[in-house]
Each structure stands twice: as C-alpha cells, then as structure tokens.
J.: 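One structure coming up, written as structure tokens, with questions to follow.
In what follows, chains carry the letters A, B, and so on, assigned in the order in which the sequence lines appear, proteins first and then strands, with residues in each chain numbered from 1. Note that the structure is predicted; figures quoted are calculated from it, not measured.
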Amino acid sequence: MGLNRQELISWYLINKRDLPWRKTKNPYKIWLSEIILQQTRVQQGLPYYWKFIAAYPTIQSLAFANEDEVLNLWQGLGYYSRARNMLMTARVINEQYDGCFPTNYNDLLKLKGIGEYTAAAIASFSFKEPVAVVDGNVYRVLSRLFDIDTPIDSGTGKKAFRFLADEVLDKVNPDTFNQAIMEFGALHCTPQKPDCNNCVLNGTCLSRVNGTISQRPVKKKKNASKQRFFVYKVFLEDDKTTIQKREGKDIWQGLYEFPLEEFDDAKKQMDYIQSCKGKTLYCSSEITHILSHQRIKTFFIYLKSEKKKEALKQGVLSVPINELHRYPVSVLTENFLKKTKSLTFFPFDQNVT
DNA sequence: AAGGCGGGGGC
DNA sequence: GCCCCAGCCTT
C-alpha cells in the first residue's frame, strides 16, 4: 500500500486550516469557494468569498445579479471567465433545476465552469460521493509518493492520475480524505522545499527514496511570453472621463478601461505617441504589466478634448470620475487610477516625455 | 492536443 | 526581474 489513508487523515485533522467552506455542506457555498480557489491561493481568495456570501447569500440572489456587479466583486482576482460562468450557472440552476444543485458528479459536470475537479469537489464535500478530486496538489503528492514521471498535462497522464486517485481514495470518508490530500499538498508536500524529514508519509514515498522529489510532477509545457504594446487615451471634460468595456476573447473580457490603441511593436507605439504630441497634455512613463504568458508595455496619455468625437464611437461611455469605482476595471487600469490618486490632480501641463 | 485566461509569491 | 503555480473552456 503506497498511501496510508489513516495517517494522512490524522495529519489533516491536526494541521488543517480553519476555513469557512469546511464548516458547511451547502453546495452553493462549496461551489463558490471551489470556483474562487481555482488557480487562486486560499489567502487571496478568502476576502472574495466573504464579499460574495455577503452580497449573494443564496444561489437565487446570485441568479438575479447583473454581470457588472459580479465582475466588480471579482475585480482583482483574475480569470474573469470564472465569474461570468458562475453567474450563467446560477441562472441555469435557478430556472432549469428548480433552484437546487445537482447532487452527483455526472450532473454537476454538465454545468458551465464546472470541470472534473470542481464536480468531484462538490460531489464529495457536499454529498459524500466517493469520487476523487485531482488538482495540482493531488498531482504533486501522488507523483512523488509513487514516483510517477508521466507528464500531468498529457492525456494519458491525466487518466493515470485520475485512476490512481480513485484507487487510493477513502470511499467511506471521501469528503475528509479529499480535503486531507489537498491540504497536505498545500501545506506540507509543497512545490519547493517540502519538509520530507518530518513527513508522516515519508516511509512509503518512492520519490524520496529515488531522490526525484524536486523533479515531480513532470510537465511538458513550456512558458512562452509575448509582448504587447498599449496606449490608453485619457480624455477629461469637466469632471467626466471616457471608458469602454473590453469585448472579444482577450484578456480582461468584460472589464472596463480607457479607450485603447494596441500596436505590434514598440516603434509603432512610440510613433503613435509622437503623432499625438500637439494634442497631448501629459504622457506617463512606461508601465510594464507582467502576466504569465505576456508582458504588456503601456503608456497613458492625456489628450485634449477630442472627447466628443471619441464618445460618438460605439461602446464608449462618458462617466463622472467619482463614479469610476462602480465599474469593474482591469488591474492595470486600477493601479493607474490608484497611483494618480484622482484624475483631477493629474498634471495637465507636461509635455510628452 | 494545444493555447488562452490573471494575479500572487518565492527567491 | 524572472520563474512557478494550474482548472476550465475554446479551437
């Protein structure tokens, strides 16, 4: 036996963090927490969980929310399709499922935004269905314990780990066991520098014997980073400015920002800024926003009032500055607004730098 | 099967 | 500053 279930569960009961979604069987609250926790650390997700529970205590209340409201609460958390899918699913459950969550893995899987991991999490935590969760923590723990070098981002790897996870699952206590193996991965069997000397499972950890801990799990994907070049145009008239909503299948979908020009390279970006020189009241220094797979080099320029022409464009809103906070904006935009304190305090008389 | 989607933390 | 993390959807 490669995994001592009782040892793992005992470790969990002693070391587990006190988290609000672990004190409930309410599928709505568990669903919300699991969506937030996708690609998000507990510490970062906690305040968002409380905000959502306060704003939408039931799935019905969420179903009646509008998308801007939800995105506003989600602002800063990233992967915004999670929020849009959550709203869509709340409405589907409210209208087509009589307001009640499906109670098993296969039916949960049909819902938008709920994949294999989340379906297993809700089914086991809420309804004690004996189905194993396989998240990044589980991949790491199992690949080390059994010293498996199959890449976790390949089709065969996913199948193999899913099979193994179901094998080792405690079918009598699937809820506690699933929580335990993920918490163990998050707190003890960590990606870097796991504390193997004080590990309750180190007696049966094959990877430890073979000295391959730091090489597990194996992934085949490489990180490619591309550069993008943005120029945001800030128009001011009285105490209003203009913003627009991002559409299309790109980053920050559904969020608001100033009217934007995007360029293929730094030269075209700079040429554009120079071409605006006569109309420009101020140009920020370059701001580089770094994400996993892209870095966005950005300038903010204040332009004289061509605002009327700009506002005529479809989708551009004229918004009082003191109401900007009502709109969900991208971090890049949010940071800029924060940094400049208030748009009206911005230096108007500087030239392009 | 491969690519896109964010922001935070470690070093 | 650079690298790592990782579930779901779309193509």
J.: Examine B:dG7: is either OP1 or OP2 under 4.0 Å from a nitrogen or oxygen in the side chain of A:Y80? Give yes or no.
T.: yes
J.: What contact category does A:K220 fall into here, base, sugar-phosphate, or nothing, at under 4.0 angstrom with non-hydrogen atoms?
T.: sugar-phosphate
J.: Is A:I114 touching bases, backbone alone, or none of the nucleic acid, heavy atoms closer than 4.0 Å?
T.: sugar-phosphate
J.: Mind calculating the distance between CZ (A:R84) and P (B:dC5) to the nearest angstrom?
T.: 11 Å
J.: Check the angle between the aromatic planes of A:F336 and A:Y302 and answer parallel, tilted or perpendicular using the 30° and 60° thresholds.
T.: tilted
J.: When you measure from the side-chain N and O atoms of A:R41 to the phosphate of C:dA6, is any distance below 4.0 Å, counting only OP1 and OP2?
T.: no
J.: I need the CD-P distance between A:Q192 and C:dC4, as an integer number of Å.
T.: 9 Å
J.: Using a heavy-atom cut-off of 4.0 Å across all strands, would you classify A:N85 as base, sugar-phosphate, or nothing?
T.: sugar-phosphate
J.: Taking only N and O in the side chain of A:K249, is any of them less than 4.0 Å away from OP1 or OP2 of B:dG3?
T.: no
J.: So, applying side-chain hydrogen bond (donor to acceptor under 3.5 Å, both in side chains) with A:E257, which one of A:R246, A:K245, A:Q244 is it?
T.: A:R246
J.: Tell me whether the OP1 or OP2 atom of B:dC5 has a side-chain N or O from A:Q38 closer than 4.0 Å.
T.: no
J.: B:dG8 phosphate, OP1 or OP2: any side-chain N/O from A:T40 under 4.0 angstrom?
T.: no
J.: Specify the separation, in whole Å, of atom CG of A:L37 and atom C1' of C:dC5.
T.: 13 Å
J.: Indicate, with a heavy-atom threshold strictly under 4.0 Å, whether A:E116 touches base, sugar-phosphate, or nothing.
T.: sugar-phosphate
J.: Looking across every strand, which nucleic acid part, if any, lies under 4.0 Å from A:R295 by heavy atom: base, sugar-phosphate, or nothing?
T.: sugar-phosphate
J.: If we take the C1' atom in both B:dG8 and C:dC9, what is their distance in whole Å?
T.: 23 Å
J.: Now, which nucleotide makes the Watson-Crick or G-U wobble pair with B:dG6, with each of the two distances under 3.5 Å?
T.: none
J.: Are A:K23 and A:D18 within salt-bridge range, i.e. N to O under 4.0 Å?
T.: yes
J.: Mapping A:Y79 and A:L109 to their closest nucleotides on DNA chain C, which lands nearer the 5' end?
T.: A:Y79
J.: Identify, between A:S154 and A:W252, the residue whose nearest nucleotide on DNA chain B lies closer to the 5' end.
T.: A:S154
J.: Return the 5'-most residue of the pair A:K226, A:I290 with respect to DNA chain B, ranking by each residue's nearest nucleotide.
T.: A:K226
J.: Could you work out the separation of C:dA6 and B:dC11 based on their P atoms and round it to a whole Å?
T.: 15 Å
J.: I need the CH2-C1' distance between A:W74 and B:dG7, as an integer number of Å.
T.: 13 Å
J.: Roughly, in whole Å, what's the span from CD in A:Q43 to P in B:dG9?
T.: 9 Å
J.: Between A:H289 and B:dG6, is there a contact of a side-chain N or O with OP1 or OP2 at under 4.0 Å?
T.: no
J.: By nearest nucleotide on DNA chain C, pick out whichever of A:K112 and A:S81 is the more 5' one.
T.: A:S81
J.: In terms of relative ring orientation, are A:W31 and A:Y28 parallel, tilted or perpendicular, with 30° and 60° separating the classes?
T.: tilted
J.: Quick check: A:Y79 with A:W74 (ring centres under 6.0 Å apart)?
T.: no
J.: Tell me whether the OP1 or OP2 atom of B:dG6 has a side-chain N or O from A:Q39 closer than 4.0 Å.
T.: no
J.: Do A:R140 and A:N137 get their side chains close enough for a donor-acceptor pair, meaning under 3.5 Å?
T.: yes
J.: When rounded to the nearest Å, what value does the distance between P atoms of C:dT11 and B:dG6 take?
T.: 15 Å
J.: Ignoring hydrogens and geometry beyond distance, is the side chain of A:Q44 in donor-acceptor contact with the base of B:dG8 at under 3.5 Å?
T.: no
J.: In whole Å, what is the span from the OH atom of A:Y48 to the C1' atom of B:dG6?
T.: 11 Å
J.: A:K219 NZ to C:dC4 C1': how many Å, rounded?
T.: 7 Å
J.: Find the distance A:I296:CD1 to B:dG6:P and express it as a whole number of Å.
T.: 10 Å
J.: Is any side-chain N or O of A:K193 closer than 4.0 Å to OP1 or OP2 of B:dG10?
T.: no
J.: How long is the gap from CZ on A:R144 to CG on A:N210, to the nearest 0.5 Å?
T.: 13.5 Å
